[in-house]
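Have a look at the structure below before the remarks.
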Amino acid sequence: MTEIELSDRSAAGEVAVSDSVNSASEETSSEDRPPSVASMEVLAGSVWPAILTCFLQFLSFAILIPYISMLAALAPYSQVNKEGPRVMTPQTLMRAQAIISACHLVEALAELALSAAYGVLVDRIGVRWVALVSQTGFVVKAVVFAFCTPPESSLPEIEHVFAAMVVVSALRGATGMPKIPINAYIAKKTHPDKRTKRFGVMGAAFGLAFFCAQAFNVTIAETLGKSALQVPLLTSAVVAISSWLVVFFLWPKKVVTRDEQLAPWADALPWLLVKRTLLHSKTLMILSVIVFVDGLGVDLFHMAFGLFARARFGWDTEHLALYMMSVSCMTPLVMMCIYPRLLRWKGEIFVMRFASVSMLCSLSLTALVGLGNVGWLNFCVVPLIPLGSMLNPVLTSFATRELPVEELGRLSGALSAVETCARLVAPMLSAYIIPRTMHSSVPSAVYFLGVAIVIPGVALTWFVHPKAAAEAESKLSETSESITSDDDEGLAKIKDIKLREDSPRSLEENIIGRFA
């Protein structure tokens, strides 16, 4: 064999090798491939920055919770006697409830108006910038609340506390719910069969944050006194700033697939987004109804409990912190130990129904305890509350299976709009019911209303038939199987050829072996 023939065959061999590699590359990058294959790089990523952000944001919010009712009660608007000392009277508590309801109402209105727009932005520009905007709202709210303290504190006082709390709550709502980018981030970076567990980790972060926050509040109450306000409020602001920094430095600039089309701006209208997204399938319609009724029932409980416990049981901030700490210390245990084992042993459908029944039982028992005046009985209901919290990650996981990955931002925005509608109705109901029933024969009437609202949601869990993770990922599974089984040998050869091309000597030896 002459050198000319060897050279010709070498060139032919290189062309053949190059053609085979290019052909394989073209097949995997073809426009006809499923979007799930294009998003394999995204799905393989870590979600710990989102979990850390979730923990810090919940921590900031949980530090504020016991003090919001106190700020409202100590506001000049709530005090009947403007000249004398600030005391807690029934009229003061009712006015404080009006302040809290107004704050929740304007915040929910702002969220409802812009949640769809933020869902579209997540799909257009990525999760990072939307998360930064939402975290900024929390930072501003925490800082302003810190300056709404009474005159005897060391901080400068905002004169019109009622107006300041309402305005900053509206601003917080206008910056969007942090849940929208966080849920979209986790869903886009996780395979469908892993989403239920990863959303459960977010629930564990929520519980751990609440435990740490209430432990901090109890320590502050013991060391600085129960009336200390500025230290926990400023601490909440610092934690909120830390959450903002985590998003800015650790979140990716964009989490989208290469095949993703830009979301249309028409979906920024809430009613159009809900119509196009949540009416996509029967399962999504049922899930959206469950999200609404459960959210409404739970929001009635959250908005009323602080003032109700102060007025009915004589609780102070320390009692409220101990109660929430007892709930939050069990939540991580449930989400990290019981939740994954129930998923493995009984399946997702069972966990959904079991969690919804647990939520109903916790609300029912709380309503019954409210009929009396023995506050410590609320601690007997505590074990059921974390069990009910298992419902949200399962519902979120089911919803994400109904739509492709490039629409998950809009899905998160649509679900947030539904939750916001519940938060919009809850303060109006609580503000109307509590003043009229607090001193009646049924003081916990607002809780019984929450029970009645949640019952249809529990019944609907028996009509949910979501896509299985394997079905939602069918195209990805089929492609993965063909890659890992049928084409293992071919891909191994292609990989080997690419490695050999990097070394001229190895390539020459390969060509001689084939064509000599």
Side-chain angles (χ1 to χ4, degrees), residues 54 58 179 183 186-187 192-211 283-302 305 324 326-367 378 380-402 415-416 418-419 422 447 450-469:
C54 180
F58 286 149
K179 190 176 182 179
N183 281 352
I186 294 176
D193 59 342
K194 301 294 183 182
R195 287 175 188 163
T196 306
K197 291 183 179 180
R198 282 195 170 180
F199 284 124
V201 174
M202 189 172 72
F206 176 84
L208 182 61
F210 264 74
F211 175 78
T283 298
L284 277 176
M285 287 190 288
I286 296 176
L287 291 176
S288 61
V289 174
I290 295 175
V291 168
F292 176 80
V293 296
D294 288 351
L296 180 55
V298 173
D299 283 340
L300 284 174
F301 170 78
H302 288 162
F305 188 79
M324 287 186 284
S326 63
V327 174
S328 56
C329 73
M330 295 189 65
T331 301
L333 296 177
V334 169
M335 301 306 296
M336 299 303 294
C337 298
I338 298 177
Y339 177 70
R341 284 170 173 77
L342 282 178
L343 287 176
R344 185 170 61 252
W345 296 339
K346 296 293 185 178
E348 296 168 321
I349 298 294
F350 174 84
V351 172
M352 175 184 64
R353 294 169 180 170
F354 176 76
S356 63
V357 172
S358 299
M359 179 188 298
L360 177 63
C361 291
S362 65
L363 291 176
S364 302
L365 292 177
T366 302
N378 285 288
C380 299
V381 189
V382 164
L384 292 174
I385 299 176
L387 294 176
S389 66
M390 297 188 299
L391 178 63
N392 186 63
V394 178
L395 294 180
T396 306
S397 177
F398 286 168
T400 58
R401 298 176 190 174
E402 300 294 320
L415 290 176
S416 296
V418 172
E419 293 180 14
Y447 295 151
V451 171
I453 292 173
V454 169
I455 288 176
V458 176
L460 283 175
T461 59
W462 268 262
F463 296 91
V464 175
H465 302 289
K467 291 182 180 179

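Treat the numbers as computed from the prediction; the structure is a model and nothing was measured.
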Please tabulate, for the side chains in residues 382-389, all donor-acceptor contacts under 3.5 angstrom to protein atoms that are two or more places apart in sequence or on a different chain.
{"unit_1": "S389", "atom_1": "OG", "unit_2": "P386", "atom_2": "O", "d": "2.4"}

Using 0.5 Å steps for rounding, measure from the CG atom of L365 to the SG atom of C380.
9.5 Å
Looking at residues at least two apart in the chain, or sitting in another chain, which of them share a side chain to side chain donor-acceptor pair (under 3.5 Å) with T400?
R195
To check you understand the geometry: which heavy-atom pair defines the closest contact between G207 and P332, and what is its length?
C-CG, 3.7 Å
Smallest heavy-atom separation, L287 atom then A399 atom, equals CD1-N, 3.7 Å
Any side-chain heavy-atom pair of F398 and I349 under 4.5 Å
yes
Shortest non-hydrogen separation from F463 to I286 and the atoms involved
O-CD1, 3.4 Å
Return the minimal non-hydrogen interatomic distance between P393 and G200, and the atom names on each side.
CB-N, 3.7 Å
Would you say F350 has more than 12 foreign heavy atoms packed within less than 6.0 Å of its CZ?
yes
Nearest 0.5 Å, please: how far is OG in S288 from CG in L395?
10.5 Å
To the closest 0.5 Å, what do you measure between CZ (R401) and OG1 (T283)?
11.0 Å
Contact summary for G203 and M335, nearest pair of heavy atoms:
C-CG, 3.9 Å
Flag side-chain contact, heavy atom, 4.5 Å: M390 against L342:
yes
Is it the case that the side chain of S397 and the backbone of V394 share a donor-acceptor pair, with hydrogens and angles ignored and the cut-off at 3.5 Å?
no
What orientation do F58 and F206 show, parallel under 30°, tilted 30 to 60°, or perpendicular over 60°?
perpendicular
May I ask you to test the E348-L343 pair for a side-chain heavy-atom distance under 4.5 Å?
yes
Considering only heavy atoms from C-beta outward, does the side chain of F199 approach that of N392 to under 4.5 Å?
no
Just do the side-chain contact (heavy atoms from CB on, under 4.5 Å) check on I186 and T396 with the steps written out, would you?
CA-CA 11 Å; I186 294 176; T396 306; over 6 Å; no
Distance-only check: which donor-acceptor pairs under 3.5 Å involve side-chain atoms of residues 450-462, not counting sequence neighbours?
{"unit_1": "T461", "atom_1": "OG1", "unit_2": "V458", "atom_2": "O", "d": "2.5"}

Heavy-atom check, side chain of F210 versus side chain of V327, under 4.5 Å
no
So N183 and M202, do their side chains get closer than 4.5 Å, heavy atoms only?
yes
